Each structure stands twice: as C-alpha cells, then as structure tokens.
Amino acid sequence: QVQLVESGGGLVQPGASLRLSCAASGSTLDGYAIGWFRQAPGKEREGVSCITSRDGRTLYADSVKGRFTISRDNAKNTVYLQMNSLNPEDTAVYYCAASRMRANYFSPRIYAYWGQGTQVTVSS
C-alpha cells in the first residue's frame with residue numbers, strides 16, 4: 001500500500017554525520033510505525049530506530065542511542081534518521097520499513113513494506 005524510498009547514504013570518515021531520508025508515497029505515514037534497520041555484510045538485519053504511528057514515541061538500539069535521532073515530518077510524508085559521530089561499526093545498508101502492527105518494533109517480521117536501502121560506509 002505504501003512505497004518507501006531511502007536516500008542520503010554515502011561514504012564518510014569516522015566522526016562525521018549523515019542524515020537519511022525515507023520518503024513515502026501511496027499512503028500517508030500517520031497510520032504506520034516507521035523503523036530504520038541496517039544490514040552489514042555477513043550479518044542479519046538489525047533494528048536501529050523506530051518512531052510509532054499514534055504518539056510519535058521513538059526507540060533506539062543501544063548501539064546508536066545518543067548518536068542517532070529519528071524524526072517524522074507528516075507534511076512531507078518523510079521520516080529522517082540523523083546520524084552523528086559515525087564509526088566503522090555503523091557501516092551497513094540502511095532500510096526504512098513501515099508497519100501497522102504493535103509489537104516488537106525491532107523485529108523485521110512485523111514490517112510489511114520496505115524501501116530499497118541506502119549504503120552507509122564509514123571508513124578512514
């Protein structure tokens with residue numbers, strides 16, 4: 001029902017910042033929780049952050065808490081992930097996903113809609 005497109009990835013040095021965007025079409029975001037996930041080579045997809053649909057609560061993985069910030073702009077139908085103090089462990093393909101379910105928001109199985117991913121590489 002909803003289509004998602006990520007953008008904003010790139011190659012940066014440790015300590016740098018990036019802002020990822022997740023633009024939605026086909027439906028407004030107000031009925032969905034939006035999660036950011038990442039997948040590094042040889043590793044499973046893991047949850048990074050999530051913003052809920054009704055009350056806008058935010059969740060963060062321990063590995064990114066204090067460095068990453070998720071936000072939502074309903075007027076632009078876009079969710080952002082501001083990433084600061086990046087380190088090589090953050091290198092991965094980052095995906096945004098939409099869910100209408102209330103469950104464990106860091107579980108990929110509850111997300112029915114996914115973007116194509118955007119590559120983030122942190123290296124000196």
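Since this is a predicted model, take the numbers as computed values, not measurements. Residue numbers run from 1 in the order of the sequence given. We use all heavy atoms of the structure for the numbers below, so side chains are in, but hydrogens, waters and symmetry mates are not.
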Might you work through the side chain to side chain contact (heavy atoms under 4.5 Å, CB included) test for T91 and V120, ending with a clear yes or no?
-> CA-CA 5 Å; T91 295; V120 172; 5.9 Å; no
Is there a chain of hydrophobic side chains (I, L, V, M, F, W, Y, each step under 4.5 Å between heavy atoms) that links V2 to Y94?
-> yes
What do the steps show when you test Y32 against T52 for side chain to side chain contact (heavy atoms under 4.5 Å, CB included), and what is the final call?
-> CA-CA 7 Å; Y32 297 88; T52 62; over 6 Å; no
Evaluate whether atom CG of D62 has more than 12 neighbouring non-hydrogen atoms of other residues, nucleotides or ligands under 6.0 angstrom away.
-> no
Nearest-0.5 Å distance, OH of residue Y105 to CZ of residue F37 = 11.5 Å
Contact summary for G31 and S53, nearest pair of heavy atoms = C-CB, 3.8 Å
Of all residues at least two apart in sequence or in a different chain, which pass the disulfide (SG to SG under 2.5 Å) check with C22?
-> C96
Minimum heavy-atom distance between A23 and T78, given as atom pair plus value | CA-OG1, 4.0 Å
Quick one: do Y60 and W36 end up in the same hydrophobic cluster if we chain Ile, Leu, Val, Met, Phe, Trp and Tyr together by side-chain heavy atoms under 4.5 Å apart?
-> yes
Find the distance between CD (E6) and CD (Q116) and round it off to the nearest 0.5 Å.
-> 4.5 Å
With V48 as reference, evaluate V64, L59, L20 under the side-chain contact (heavy atoms from CB on, under 4.5 Å) test and give the passing residue.
-> V64
Check: I110 and N104 side chains under 4.5 Å, non-hydrogen atoms | no
Value for OG1 (T121) from CG (L18), rounded to nearest 0.5 Å, stands at 9.5 Å
Reported OG-to-CG distance for the pair S25 and L4, which is rounded to 0.5 angstrom | 7.5 Å
Which atom of I34 lies closest to which atom of A98, heavy atoms considered = CD1-CB, 3.6 Å
Sequence neighbours excluded - salt bridge (charged side-chain N to carboxylate O under 4.0 Å, His left out) pairs with any residue from residues 75-92 = R38-D90, R67-D90
Do the side chains of W114 and M101 join up, straight or via other hydrophobic residues, at under 4.5 Å, putting them in one cluster?
-> yes
Hydrophobic cluster membership, Y113 vs I51, 4.5 Å side-chain cutoff = yes
Distance col, row C50:SG vs Y111:OH, nearest 0.5 angstrom, shows 3.5 Å
Under 3.5 Å, is there a donor-acceptor pair linking the side chains of N84 and S17?
-> yes
Before giving the answer on side chain to side chain contact (heavy atoms under 4.5 Å, CB included), spell out for L81 and T69 the whole-Å C-alpha distance, their side-chain angles and the decisive distance to 0.1 Å.
-> CA-CA 6 Å; L81 184 67; T69 303; over 6 Å; no
Would you verify whether the NZ or CZ of R45 falls within 45 degrees of the ring axis of Y95 while also being under 6.0 Å from that six-membered ring's centre?
-> yes
Find the distance between CG (N77) and CZ (R72) and round it off to the nearest 0.5 Å.
-> 10.0 Å
Can you get from V93 to Y80 by hopping between Ile, Leu, Val, Met, Phe, Trp and Tyr side chains that sit under 4.5 Å apart?
-> no
